[in-house]
Amino acid sequence: MVLRRHCLALAILFSLISFPVSAEQGTSLSLLPVPRSVTMKEGRFRLTPSFTIAIKRDAGPRLYNAASRVLRRLSGRTGLFFPQDYVTGEIFPDTASCVVTAGRKGDVVLGEDESYTLLVTPKVVLLESKTDLGAIHGLETMLQLLNVDDEGYYLPAIVIQDAPRFPWRGLMMDVARHFMPIDVIKRNLDAMAAVKMNVFHWHLSEDQGFRIESKVFPELNKLGSDGMFYTQDQVRDILAYAEERGIRVYPEFDIPGHSTSWFVSHPELASAPGPYTIERHWGVFDPTFDPTKEATYEFFDKFLAEMTALFPDPYFHIGGDENNGKQWKANPAIQAYMKQHNIPDGHALQAMFNKRILAMLTKYDKHMIGWDEILHPDLPKESIIHSWRGQKGLFDAARKGYQTILSNGYYIDLIQPAEFHYLNDPLPVDSLKVLSENEQKRILGGEATSWAELVTWENVDSRIWPRTSAIAERLWSSAEVRDVEDMYRRIADESFRLEELGLTHRKNHDMMVRRLVNNGSVTALKTLLQYIEPVKIYARHSQGVSYTSSSPYTRVVDAALPEAMAARHFRIIVKEYLSTKETTLADEIAGICNTWKQNHSLLLPTIRKSPVLKEIEPLSSNLEVLGSVATDALEHLRGGASLSAETALRYRVAVELAKKPYGQTQLMMVDAVADLLTAAAAPKK
Ligand code: ACM
């Protein structure tokens with residue numbers, strides 16, 4: 001393919017006079033996040049073995065590397081043998097199939113220009129941006145355009161103009177409660193880049209672990225980590241890896257609470273005498289730094305000097321959440337100090353501590369971020385408030401003059417559906433009435449939070465992806481993009497693309513299932529797993545199971561995915577059937593219920609050979625019951641006669657019992673069966 005002298009402006013002009021696209025072609029797009037503006041055009045750009053990418057203006061090695069990775073992914077997906085090994089300066093833009101022009105190397109800092117324009121014609125792909133970071137986003141969009149028809153792979157002719165809605169689109173990973181090895185971090189950075197997220201918040205210290213090497217205080221990681229920590233070389237490797245993908249990285253050291261692991265080596269800095277050991281349980285614990293001792297600040301000045309030098313991003317998170325104040329109340333010296341300095345309560349004492357830490361961070365050229373508990377009348381306005389307890393905290397902070405980011409509603413560890421996170425907008429339409437324009441500008445974006453009490457390296461990807469891509473879209477795309485069904489269609493595609501990138505959310509699930517059946521047949525367990533989800537919010541901690549950091553996170557509840565998509569599908573088709581009574585839907589429901597009825601007897605021999613499955617046997621039995629109830633209800637609905645009152649009552653009791661969780665998992669389509677039952681029992685008109 002040879003095309004001389006491309007000029008983006010001319011090409012766009014050409015595209016504007018081409019024919020509009022058919023609706024059918026438009027719906028085949030699977031872009032995530034949805035770009036700011038998309039105009040479909042007539043025609044298709046064919047991927048052929050002669051496909052090449054050229055960078056027209058040198059914007060630094062990062063863009064060459066990103067383009068080379070995209071070339072390999074295109075080649076891998078299509079099976080086409082492209083002649084180009086790497087994208088270098090050697091391919092001339094005049095002859096390339098895809099020409100990338102970035103104005104300059106971008107800075108991976110808050111607020112950098114990430115916009116791009118992507119033009120695909122039947123002859124050429126042109127990507128233009130102000131910075132290489134925009135071009136890297138555009139390359140991901142190009143990959144998402146890849147489609148197939150009878151003639152082979154193609155990109156649809158299209159014009160895309162794109163830029164993010166919020167500049168702060170983050171993922172927080174808690175690597176302290178359960179340590180996450182380097183490859184876990186890297187593959188999650190890959191996934192973030194694929195959905196245009198740009199901030200990695202690294203939660204590095206907790207009661208349960210201190211996860212980074214300190215050369216100034218090596219005893220911190222030596223005694224506080226069980227040997228599971230990142231060396232500073234590994235940290236630099238992650239920083240470089242993220243920078244290559246346009247992702248900022250900033251650390252969180254959670255203080256003054258959540259800090260037991262520090263006191264294993266430094267009991268003298270705690271507010272109660274030691275000794276301390278690494279915390280093994282989950283919850284909110286008492287150990288807290290003593291904010292009344294100068295030694296505490298001498299320690300932090302040295303520690304922060306080291307860590308602020310290691311992490312180049314201007315932002316630095318100090319945690320500040322869930323300090324229960326118990327050690328402060330119980331310590332007479334701290335109480336006397338508070339009296340002497342007119343400090344009325346623990347919140348004010350923490351504000352004093354925060355101010356001292358802020359002064360150090362300012363000295364080291366950092367902006368301080370903290371969870372919303374740090375909000376206090378004494379807190380200087382240059383701090384950033386990270387809202388986790390409610391949207392109100394976000395708005396309050398913005399009104400008081402603080403910049404702020406939202407995580408409330410993005411707690412992906414609470415096992416809520418993608419839809420819930422997707423519709424959680426940092427700036428919902430009605431907020432525009434209650435916040436001034438300046439206050440709105442202070443809301444920088446948000447972060448998904450992967451808290452790690454109940455995840456290990458094995459299933460963490462499945463807890464983060466693909467649901468986090470719904471959050472990525474909320475933070476990138478315009479507020480009007482809110483079509484939930486379309487989001488589900490696209491995250492299913494994104495899930496497949498993420499797997500191609502190396503994410504393990506599907507394959508580790510398969511591996512965990514194989515372990516659960518003791519290497520036996522997985523079929524029946526997989527059928528059951530399609531309809532169950534872990535219990536929600538914090539219910540796992542209140543059902544008589546006492547978890548610690550060394551508990552097995554290998555049970556059915558750990559393998560079960562946060563969203564059972566087959567259950568969701570069943571709920572949808574039942575709703576549709578009850579309103580339309582369409583025969584094809586009834587047939588589909590009947591087919592599914594038939595599978596449920598047969599599954600229990602298929603699963604029983606597996607359960608016998610795998611005692612770990614015993615706890616979910618009642619769920620499997622209930623699936624059979626639901627299958628029978630739904631089948632009978634459906635037959636009555638189709639046949640025209642109502643279910644007798646006596647049968648309906650018996651069924652209702654059975655359906656109610658099927659709501660009960662077992663093994664901390666629950667069937668997710670019981671209400672839909674109840675709806676079928678109600679309709680079948682209603683007197684016929
Ligand atoms: C938090 O979830 N304690 C910030």
Side-chain angles (χ1 to χ4, degrees), residues 168 170-178 180 199-211 250-262 279 281-289 315-327 346-347 350-351 353-354 357 368-376 379 383-397 402-416 420-421 424 426 443-455 460 463-464 467-468 471 536-542 547 549 562:
W168 194 300
L171 170 66
M172 185 219 75
M173 280 187 85
D174 169 7
V175 299
R177 290 186 172 92
H178 275 107
M180 299 294 160
V199 186
F200 179 65
H201 166 177
W202 211 348
H203 184 87
L204 284 164
S205 72
E206 261 304 334
D207 296 297
Q208 295 84 3
F210 185 91
R211 303 292 181 201
Y250 73 95
E252 176 184 350
F253 294 97
D254 202 347
I255 52 174
H258 281 279
S259 49
T260 309
S261 65
W262 306 61
E279 181 57 60
H281 295 85
W282 309 132
V284 174
F285 301 97
D286 300 347
T288 310
F289 278 95
Y315 292 84
F316 202 97
H317 206 303
I318 62 148
D321 57 316
E322 296 182 315
N323 167 20
N324 69 15
K326 286 188 188 165
Q327 282 197 342
H347 192 208
Q350 187 165 341
F353 173 80
N354 291 342
I357 298 293
M368 184 174 95
I369 312 181
W371 298 107
D372 52 34
E373 285 96 329
I374 72 164
L375 200 57
H376 184 275
L379 185 73
S383 312
I384 293 192
I385 306 299
H386 193 164
S387 164
W388 72 281
R389 292 182 299 180
Q391 190 122 13
K392 186 175 172 305
L394 187 81
F395 289 1
D396 284 351
Y402 298 95
Q403 290 191 313
T404 174
I405 51 177
L406 180 66
S407 277
N408 177 262
Y410 299 140
Y411 266 44
I412 49 179
D413 59 314
L414 301 186
I415 317 286
Q416 287 163 297
F420 169 81
H421 301 302
N424 182 55
I443 296 178
L444 300 174
E447 290 183 2
T449 50
S450 169
W451 297 108
E453 284 93 341
L454 301 174
V455 293
V460 66
R463 295 314 187 234
I464 301 177
R467 288 180 305 149
T468 293
I471 299 171
K536 311 288 157 188
I537 320 288
Y538 294 112
R540 267 185 84 174
H541 297 291
S542 58
Y547 290 103
S549 47

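All ligand and atom numbering here is 1-based and tracks the order in the structure. Below, each value reflects all heavy atoms present in this structure, side chains not excepted, and no hydrogens, waters or symmetry copies.
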Going by the angle between their ring planes, with limits at 30° and 60°, are Trp262 and Phe253 parallel, tilted or perpendicular?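 Answer is perpendicular, since the angle exceeds 60°.
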
Only one of Leu394, Asp396, Leu379 passes side-chain contact (heavy atoms from CB on, under 4.5 Å) with Ile385, and that residue is Leu379

| said: Looking at Thr260, is its backbone amide N or carbonyl O close enough to the side chain of Asp207 to form a donor-acceptor pair, meaning the two atoms are under 3.5 Å apart? | reply: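 It does hold such a pair.
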
Just wondering, do [Y] and [X] contact through their side chains at under 4.5 Å, heavy atoms?
X      : Y      : answer
Thr449 : His203 : no
Arg463 : Ile412 : no
Ile369 : His201 : no

Please produce the table of protein N or O atoms sitting under 3.5 Å from N or O atoms belonging to ligand 1, one pair a line, distance to 0.1 Å.
residue, atom, partner, partner atom, Å
ligand 1, 2 (O), Tyr411, OH, 2.5
ligand 1, 3 (N), Asp321, OD2, 2.6
ligand 1, 3 (N), Glu322, OE1, 3.2

